[in-house]
K.L.:
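First, the structure itself, so that you have it in front of you.
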Amino acid sequence: MRPRAPKVMTEAAQSYSFSRRAWLLGAGQAGLGALLIGRMGYLAIAQNEHYNLLAESNRVSMTMIPPRRGWIVDRHNQPIASNRTDFRVDVIPDRIEDKDRVLAHLRGLLGLSDEDLAQINAELEHAPGFRPVEIAENIDWERFAAVQVRQPELPGVAPTRGFARHYPAGPAVAHLIGYVGAATAEQYKKTRDPLYVTPGFKLGKDGLEKTMEPLLRGTAGAKRVEVTARGKLVKELATRPDVPGRTLRLTIDSGLQEYAARRIGTNSGSAVVFDCTNGEMLAMVSMPAYDPNTFSEGISQMEWKMLSEDDHVPLMNKVTQGLYPPGSTVKPMNGLALLAAGVGAEERVFCSGAMRVGNGVFHCHKRGGHGPLDLKNAIMQSCDIYFYEMVRRVGYDKIAPVARELGLGQKFDLPFSTQRYGTVPDSAWKQRKYKTDWKVADSLNASIGQGYVLSNPLQLAIMASRLASGRRLMPTLIRDPFKPQADLLPIDPEHFRIIREAMDGVVNHGGTGGAARMLVPGIAIAAKTGTAQVRRITMAERRSGVLKNGQLPFRLRDHALFVCFAPYDNPRYAAAVVLEHNGHTVRNLDTPMIGRDIMTYLFDHERAMKSLAEVEPTWGGDIATRMAAQRAAYRAAHAPAPPVVDDDDVPASNSPAVEAATDASNASAEATARDVAAGNGPARTGSPEPETDSERRADPLDRAVGPQR
C-alpha cells in the first residue's frame with residue numbers, strides 16, 4: 001500500500017485557521033465580559049437595596065420591642081388586666097459561648113438561688129435554641145443596670161426593659177380573663193414571626209387574653225444600635241416605638257366580680273350575674289381558680305401538679321364547661337310551660353309523698369307529702385308530685401320548647417373558646433340518640449330537672465334573667481352602648497306574673513329559700529332553690545333509706561343550685577349560683593345565703609362587705625391566704641421534685657385535669673341515663689332538696705367551718 005502524502009499547509013490556510021480561533025476566543029471573552037458586566041449591574045442596581053440592608057445589618061443591630069398589650073377594663077374603666085414596668089434578664093441558648101461561666105456571673109449579679117439555677121438549667125436543656133429562657137424578671141433597677149453594663153462580657157444574655165401583665169384581682173378573674181405566656185416552638189414555626197422569639201414577648205394563652213389576642217397585641221417597635229464587628233456597642237440610633245394594643249372594655253363590674261369570688265368561699269362552684277334590663281354580664285366567677293399572675297410568669301411543676309390533683313378542679317371554667325342537672329331550679333320554667341299548655345294556675349294536685357306509675361313508685365322529697373297544692377305553692381314548696389302529675393298529663397314535648405326559649409341547651413356568642421351546651425331532651429332527641437321511644441318515666445325525671453336534662457351555670461343565669469324580664473335577652477360581655485333592646489318572648493305576660501309571684505314566695509312567704517331573704521330595706525328577692533343528684537342510688541339503699549349528704553364523701557354529694565332576681569317587683573339584676581357537691585352541708589356556704597349576699601352587694605355595698613367580713617375568717621381567710629396555705633401544705637407533703645419543663649403548653653381550660661373532670665361528668669350523665677331507661681332514675685327518690693330553711697338549720701354540719709374535703 002502506497003503511503004499517504006503529507007498535507008501541505010499553505011500560508012492562506014494557516015491564516016484562515018488562526019483568524020477563526022481568534023474570533024472564537026474573542027467572542028468567548030466578549031460573552032464572559034458581558035456576563036460579568038451584567039452581573040455587576042444586577043448586583044449594583046437591582047440588588048442594591050438588598051445588599052445595603054445586609055451591610056446595614058452588619059453595622060446596625062436591631063432588637064424588636066414587644067408591644068404593650070391593651071388593657072382590659074370593667075364597665076367603670078377600672079383595670080382588670082393592666083401592664084406594669086418590668087426589668088428582666090433572658091438568655092438565648094444558641095448565643096451562649098460558656099454556659100457555666102455566664103450563669104455563675106449572673107448568679108452573683110442577680111442573687112439567684114440553687115433552686116433558680118436548677119430551673120434555668122432544666123429549661124436550657126429542653127428549650128429550642130432560638131427561644132429565650134428567662135433568668136429573672138421584675139428585678140430592681142440596680143441589678144438590671146449591673147447586667148446591662150456587663151453585656152459585652154456575657155454573650156447570649158439579653159437584659160430587657162419592658163412591660164409585664166398584671167391582674168389586680170388575681171384568681172377572681174382567672175377564668176374570665178385567662179393569662180399570657182411565651183410563644184411555643186410550634187407557634188413560631190407556624191408563623192415565623194420574629195416577635196415570637198423576642199425576649200419579654202407574651203401572647204394570650206387562655207380566656208379573653210387568647211380569644212381577643214388580635215385586638216390586645218398591638219404592633220412591635222424596634223431598637224437600633226451601631227456595633228463593631230465583634231458586637232461591641234458604638235452608639236444608639238433612632239428607635240421605632242411600639243404601638244400599644246387597644247383597650248377592651250367589658251360589661252363586668254370588677255368589684256362585684258371579686259366579691260362573688262370571695263363569697264363562694266371554700267366551695268367548688270360558680271356564680272353568674274346579669275343586668276336583666278339589657279343582658280350585660282356583671283360577674284362571671286368560677287372558683288377555686290389559679291392565679292393568672294403566677295401563670296403568666298411561669299409556674300413550677302409542683303404547683304401545676306397541685307392544681308391538677310385538686311378535686312375541686314381549679315383549672316376548669318365551671319361557668320361554661322361545667323354541666324349539671326339543673327334540679328328544681330327549672331320548676332318555675334316548667335310552670336310557665338304548663339300555663340302555656342293550658343294548665344290552670346288554680347288547678348290542684350294532691351301530694352301524698354309518692355306517685356305510682358306503672359310498676360314504679362316515684363317519690364316527693366317530702367316523704368309525708370304536701371297535701372293539695374296549686375302551681376304557686378308547688379313552686380314555693382318545690383313539690384315533686386305536682387310536677388310529675390302535670391308534666392305526665394301534658395307531655396314533656398310541651399315543656400322542651402319553653403326551656404329552649406328561656407336559654408337552656410342554647411349556644412351563645414361569647415368570646416370563650418370552650419363551651420358545653422347541655423341537653424334539653426324531648427321524644428325526637430331520644431329517638432335520635434338512643435333509638436328508643438320517650439317514656440312516662442323520662443317526663444317525670446325531666447320535670448324535676450334531672451334525668452337527661454343538663455345545663456351550664458351561664459344558661460341558668462340567662463333563664464333567670466328572661467323569667468325576670470320577659471324578654472329574649474342575649475348575654476353580652478364586651479361593652480356595646482348601641483346594643484338594641486331585646487324582643488319580648490312569645491309568652492303571655494300574665495303567666496310571667498304568676499311565676500314571679502311564686503318565686504317571691506320561695507324566699508319571702510314560707511318557701512324553701514327563706515335563707516335568701518334580703519336584709520336591704522325595700523328590696524325583695526325572688527328565687528328558686530335546687531338540688532341535683534350526682535350518684536347512682538341502689539335499690540337496696542332506696543329500701544333502707546338514702547344516705548344524707550353529710551354521710552358521704554365530697555365527690556358523691558349532691559350539687560346545690562340557686563337562681564334569683566331582684567327587686568322582685570321591678571327586676572334589675574338576675575343571677576345563678578351552682579356549687580358542686582355542696583350538699584347543703586354548711587349554712588353560710590350554701591347557695592341561698594351566697595345568692596343573697598351577691599344581690600346585697602348590688603344594692604348595699606357596705607352591708608354586703610360587713611356580712612362577708614363576719615364569715616370569711618371561719619373559712620381560713622381570704623382567697624390569697626387560703627391559696628398560700630394550700631401551697632405550703634402541699635409543699636410540705638410532697639418532696640420537691642427536679643423541675644421539669646412542660647413543652648406542651650396546655651391552656652388551663654384544656655388541661656388533662658379538666659378533661660378528666662369532663663369525662664367523669666359525662667360518665668355520670670350516662671349512668672343516670674341508664675338508670676332512667678331502667679326505671680330507676682332520680683325521680684324514684686324525688687329531688688334531694690331540704691324541704692325548708694329550718695331543715696337546713698338542723699343539718700348536723702351546720703356549725704362546721706367549711707365543707708369536708
K.L.:
Output every pair passing salt bridge (charged side-chain N to carboxylate O under 4.0 Å, His left out) with a member in residues 250-259, not counting sequence neighbours, ordered by first then second residue.
P.N.:
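Pairs touching residues 250-259 that pass the test: none.
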
K.L.:
Would you find a donor on one side and an acceptor on the other, under 3.5 Å apart, between the side chain of His175 and the backbone of Thr320?
P.N.:
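Checking the backbone N and O of Thr320 against the side chain of His175, no donor-acceptor pair under 3.5 Å is found.
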
K.L.:
So does Thr184 get a backbone contact from the side chain of Gln187, meaning a donor-acceptor N/O pair under 3.5 Å?
P.N.:
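Pair found, side chain donor or acceptor close to backbone of Thr184.
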
K.L.:
Answer whether the closest heavy-atom distance between the side chains of Ile135 and Ile120 falls below 4.5 Å.
P.N.:
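Yes, their side chains come closer than 4.5 Å.
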
K.L.:
Keeping Gln321 on the side-chain end and Asn317 on the backbone end, is there a donor-acceptor pair under 3.5 Å?
P.N.:
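The answer is yes, because a donor-acceptor pair under 3.5 Å joins these two groups.
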
K.L.:
Please check: side-chain N/O of Gln257 versus main-chain N/O of Ala172, any donor-acceptor pairing under 3.5 Å?
P.N.:
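Side chain of Gln257 to backbone of Ala172, a donor-acceptor pair under 3.5 Å: yes, one is there.
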
K.L.:
Checking Leu216 now: which residues fulfil side chain to side chain contact (heavy atoms under 4.5 Å, CB included) with it, not counting sequence neighbours?
P.N.:
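Leu216 satisfies side chain to side chain contact (heavy atoms under 4.5 Å, CB included) with Arg69, Ile72, Arg165, Glu209, Met212, Leu248 only.
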
K.L.:
If the plane angle is over 60° it's perpendicular, under 30° parallel, otherwise tilted; pick one for His312 and Phe554.
P.N.:
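Parallel.
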
K.L.:
Can you confirm whether the side chains of Ser113 and Asp116 place a donor and an acceptor under 3.5 Å from each other?
P.N.:
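Yes, Asp116 and Ser113 have a side-chain donor paired with an acceptor closer than 3.5 Å.
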
K.L.:
State which residues pass side chain to side chain contact (heavy atoms under 4.5 Å, CB included) with Thr247; sequence neighbours excluded, sorted by chain then number.
P.N.:
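Here the qualifying residues are Trp71, Val73.
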
K.L.:
Walk me through whether Val157 and Val89 qualify under side-chain contact (heavy atoms from CB on, under 4.5 Å).
P.N.:
CA-CA 7 Å; Val157 176; Val89 176; 3.7 Å; yes

K.L.:
Can you see which heavy atom on Thr618 is nearest to which on Val615, and at what distance?
P.N.:
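Heavy-atom minimum between the residues: OG1-O, 2.6 Å.
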
K.L.:
Go through the structure and list residues passing side chain to side chain contact (heavy atoms under 4.5 Å, CB included) with Pro475, not counting sequence neighbours.
P.N.:
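By the side chain to side chain contact (heavy atoms under 4.5 Å, CB included) rule, Pro475 matches Phe274, Phe412, Leu414, Ile462.
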
K.L.:
How would you list all residue pairs meeting side-chain hydrogen bond (donor to acceptor under 3.5 Å, both in side chains) that involve residues 651-661, not counting sequence neighbours?
P.N.:
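Qualifying pairs: Asp206-Ser653.
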
K.L.:
Is the shortest heavy-atom distance from the side chain of Asn582 to the side chain of Arg557 under 4.5 Å?
P.N.:
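Not touching, per the 4.5 Å side-chain cut-off.
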
K.L.:
Are Val578 and Val319 close enough that some pair of their side-chain heavy atoms sits under 4.5 Å apart?
P.N.:
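Result no, sub-4.5 Å side-chain heavy-atom pair not found.
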
K.L.:
Heavy-atom count around Asp140 CG within 6.0 Å, excluding the residue itself: above 12?
P.N.:
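Result for CG/Asp140: enclosed.
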
K.L.:
Measure across Ile598 and Ala260 and return the closest heavy-atom pair with its distance rounded to 0.1 Å.
P.N.:
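Shortest heavy-atom separation between Ile598 and Ala260 comes out as CD1-CB, 4.0 Å.
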
K.L.:
Identify the two heavy atoms, one from Ser254 and one from Gln78, that lie closest to each other, and give their separation to 0.1 Å.
P.N.:
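What the structure gives for the nearest pair is OG-CB, 3.9 Å.
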
K.L.:
Under a 3.5 Å threshold, yes or no: a donor from one side chain and an acceptor from the other, between Glu614 and Asn588?
P.N.:
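No - no donor-acceptor pair under 3.5 Å links their side chains.
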
K.L.:
Just by distance, no angles: are the side chains of Lys483 and Thr476 close enough, under 3.5 Å, to form a donor-acceptor pair?
P.N.:
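Judged by distance alone, the side chains do pair up.
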
K.L.:
Given the rule in the side-chain contact (heavy atoms from CB on, under 4.5 Å) test, do Phe163 and Asp86 qualify, once you have shown the distances and angles that lead to the verdict?
P.N.:
CA-CA 5 Å; Phe163 294 89; Asp86 176 38; 5.7 Å; no

K.L.:
Could you tell me if Thr600 and Asp597 have a donor-acceptor pair between their side chains, going purely by distance under 3.5 Å?
P.N.:
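Checked: Asp597/Thr600 side chains show no N/O donor-acceptor pair below 3.5 Å.
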
K.L.:
Between Met302 and Tyr634, is the side-chain contact (heavy atoms from CB on, under 4.5 Å) condition met? List the steps.
P.N.:
CA-CA 9 Å; Met302 186 204 73; Tyr634 190 90; 3.9 Å; yes

K.L.:
What is the distance from atom OG of Ser270 to atom CG of Leu458, rounded to the nearest 0.5 Å?
P.N.:
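Nearest 0.5 Å value for the OG-CG distance: 9.5 Å.
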
K.L.:
I'd like to know if the side chain of Lys318 and the backbone of Leu579 have a donor-acceptor N/O pair within less than 3.5 Å.
P.N.:
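No: the side chain of Lys318 does not pair with the backbone of Leu579.
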
K.L.:
Return the minimal non-hydrogen interatomic distance between Ala575 and Val273, and the atom names on each side.
P.N.:
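Result for this residue pair: CB-CG2, 4.0 Å.
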
K.L.:
Check whether more than 12 heavy atoms from other residues, nucleotides or ligands sit under 6.0 Å from atom NZ of Lys190, and answer yes or no.
P.N.:
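Open: at most 12 neighbouring heavy atoms sit under 6.0 Å from NZ of Lys190.
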
K.L.:
Less than 4.0 Å between a side-chain N and a carboxylate O, is that true for Arg555 and Asp311?
P.N.:
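Looking at Asp311 and Arg555, the cut-off is not met.
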
K.L.:
Does Thr662 have any side-chain hydrogen bond (donor to acceptor under 3.5 Å, both in side chains) partners at least two apart in sequence or in another chain, and if so, which?
P.N.:
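Here no residue qualifies.
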
K.L.:
Donor-acceptor check, side chain of Thr294 to backbone of Asp291, threshold 3.5 angstrom: yes or no?
P.N.:
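Confirmed, Thr294 side chain pairs with Asp291 backbone.
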
K.L.:
Centres of the Phe295 and Tyr179 rings: under 6.0 Å?
P.N.:
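Close enough - the centres of the two rings lie under 6.0 Å apart.
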
K.L.:
Between atom CE of Met284 and atom CG of Leu256, what is the distance when rounded to the nearest 0.5 Å?
P.N.:
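Taking CE in Met284 and CG in Leu256, the distance rounds to 12.5 Å.
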
K.L.:
Assess the residue pair Asp114 and Arg107 against the criterion (salt bridge (charged side-chain N to carboxylate O under 4.0 Å, His left out)); give the C-alpha distance rounded to whole Å, side-chain angles, the decisive distance to 0.1 Å, and a yes or no.
P.N.:
CA-CA 9 Å; Asp114 291 338; Arg107 178 174 187 170; 2.4 Å; yes

K.L.:
Tell me yes or no: between the side chains of Glu303 and Tyr290, is some donor less than 3.5 Å from an acceptor?
P.N.:
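There is no such pair between these side chains.
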
K.L.:
Would you say Ser296's side chain and Pro292's backbone share a donor-acceptor pair under 3.5 angstrom?
P.N.:
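Such a contact is found between Ser296 side chain and Pro292 backbone.
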
K.L.:
Using a 4.5 Å cut-off on heavy atoms from C-beta on, say whether the side chain of Val180 contacts that of Leu203.
P.N.:
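They are not in side-chain contact.
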
K.L.:
If we only count heavy atoms from C-beta on, is the Ser308 to Pro656 side-chain gap below 4.5 Å?
P.N.:
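With C-beta onward as the side chain, the pair stays apart.
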
K.L.:
To the nearest 0.5 Å, what is the distance between CD1 on Ile65 and CZ on Phe201?
P.N.:
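Result: 14.0 Å between the selected atoms.
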
K.L.:
Apply the side chain to side chain contact (heavy atoms under 4.5 Å, CB included) test between His105 and each candidate in Leu154, Asp100, Val147, Asp98; give the one that qualifies.
P.N.:
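Looking at Leu154, Asp100, Val147, Asp98, the match for His105 under the side chain to side chain contact (heavy atoms under 4.5 Å, CB included) is Leu154.
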
K.L.:
Output yes when Glu297 and Arg84 qualify as a salt bridge under the 4.0 Å nitrogen-oxygen rule, no when they do not.
P.N.:
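Looking at Arg84 together with Glu297, the answer is yes, because their closest N to O distance falls below 4.0 Å.
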
K.L.:
Does His581 offer a backbone N or O that forms a donor-acceptor pair with the side chain of His559 under 3.5 Å?
P.N.:
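Answer holds: yes.
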
K.L.:
Answer whether the closest heavy-atom distance between the side chains of Arg217 and Pro67 falls below 4.5 Å.
P.N.:
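Yes - at least one pair of side-chain heavy atoms lies under 4.5 Å apart.
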
K.L.:
Short question: side chain of Arg626, backbone of Gly621 - any donor-acceptor pair under 3.5 Å?
P.N.:
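A pair under 3.5 Å: yes.
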
K.L.:
Dump the intermediate steps for side-chain contact (heavy atoms from CB on, under 4.5 Å) on Leu250 and Leu208, then the final yes or no.
P.N.:
CA-CA 10 Å; Leu250 306 182; Leu208 291 178; 3.7 Å; yes

K.L.:
When rounded to the nearest 0.5 angstrom, what is the spacing between NE2 in His638 and CD in Glu309?
P.N.:
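His638 NE2 to Glu309 CD: 5.5 Å, rounded to 0.5 Å.
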
K.L.:
Measure the spacing between CD1 of Ile139 and CZ of Phe87 and express it to the nearest 0.5 Å.
P.N.:
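Answer rounded to 0.5 Å: 8.5 Å.
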
K.L.:
If I take atom CG from residue Leu106 and atom CZ from residue Arg150, how far apart are they, to the nearest 0.5 angstrom?
P.N.:
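If we round to the nearest 0.5 Å, Leu106:CG and Arg150:CZ are 10.5 Å apart.
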
K.L.:
Does Glu142 CD have over 12 foreign heavy atoms under 6.0 Å away?
P.N.:
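Yes - once you tally the heavy atoms of other residues, nucleotides and ligands closer than 6.0 Å, there are more than 12.
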
K.L.:
For a 4.5 angstrom cut-off between non-hydrogen side-chain atoms, does Arg263 reach Tyr601?
P.N.:
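They are not in contact (no side-chain heavy atoms under 4.5 Å apart), so the answer is no.
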
K.L.:
Tell me if a side-chain donor or acceptor on Asp74 pairs with a main-chain N or O of Pro79 at a distance below 3.5 Å.
P.N.:
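Judged by distance alone, no pair lies under 3.5 Å.
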
K.L.:
Taking the side chain as every heavy atom from C-beta outward, state whether Ile594 and Asn267 have any pair of such atoms under 4.5 Å apart.
P.N.:
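Yes - at least one pair of side-chain heavy atoms lies under 4.5 Å apart.
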
K.L.:
Please determine whether a side-chain nitrogen of the Lys or Arg among Arg75 and Glu280 lies less than 4.0 Å from a carboxylate oxygen of the Asp or Glu.
P.N.:
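A salt bridge links Arg75 with Glu280.
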
K.L.:
Please report the closest heavy-atom contact between Lys205 and Ala183, naming both atoms and the distance.
P.N.:
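Between these two residues, the closest heavy atoms are NZ-CA, 4.2 Å.
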
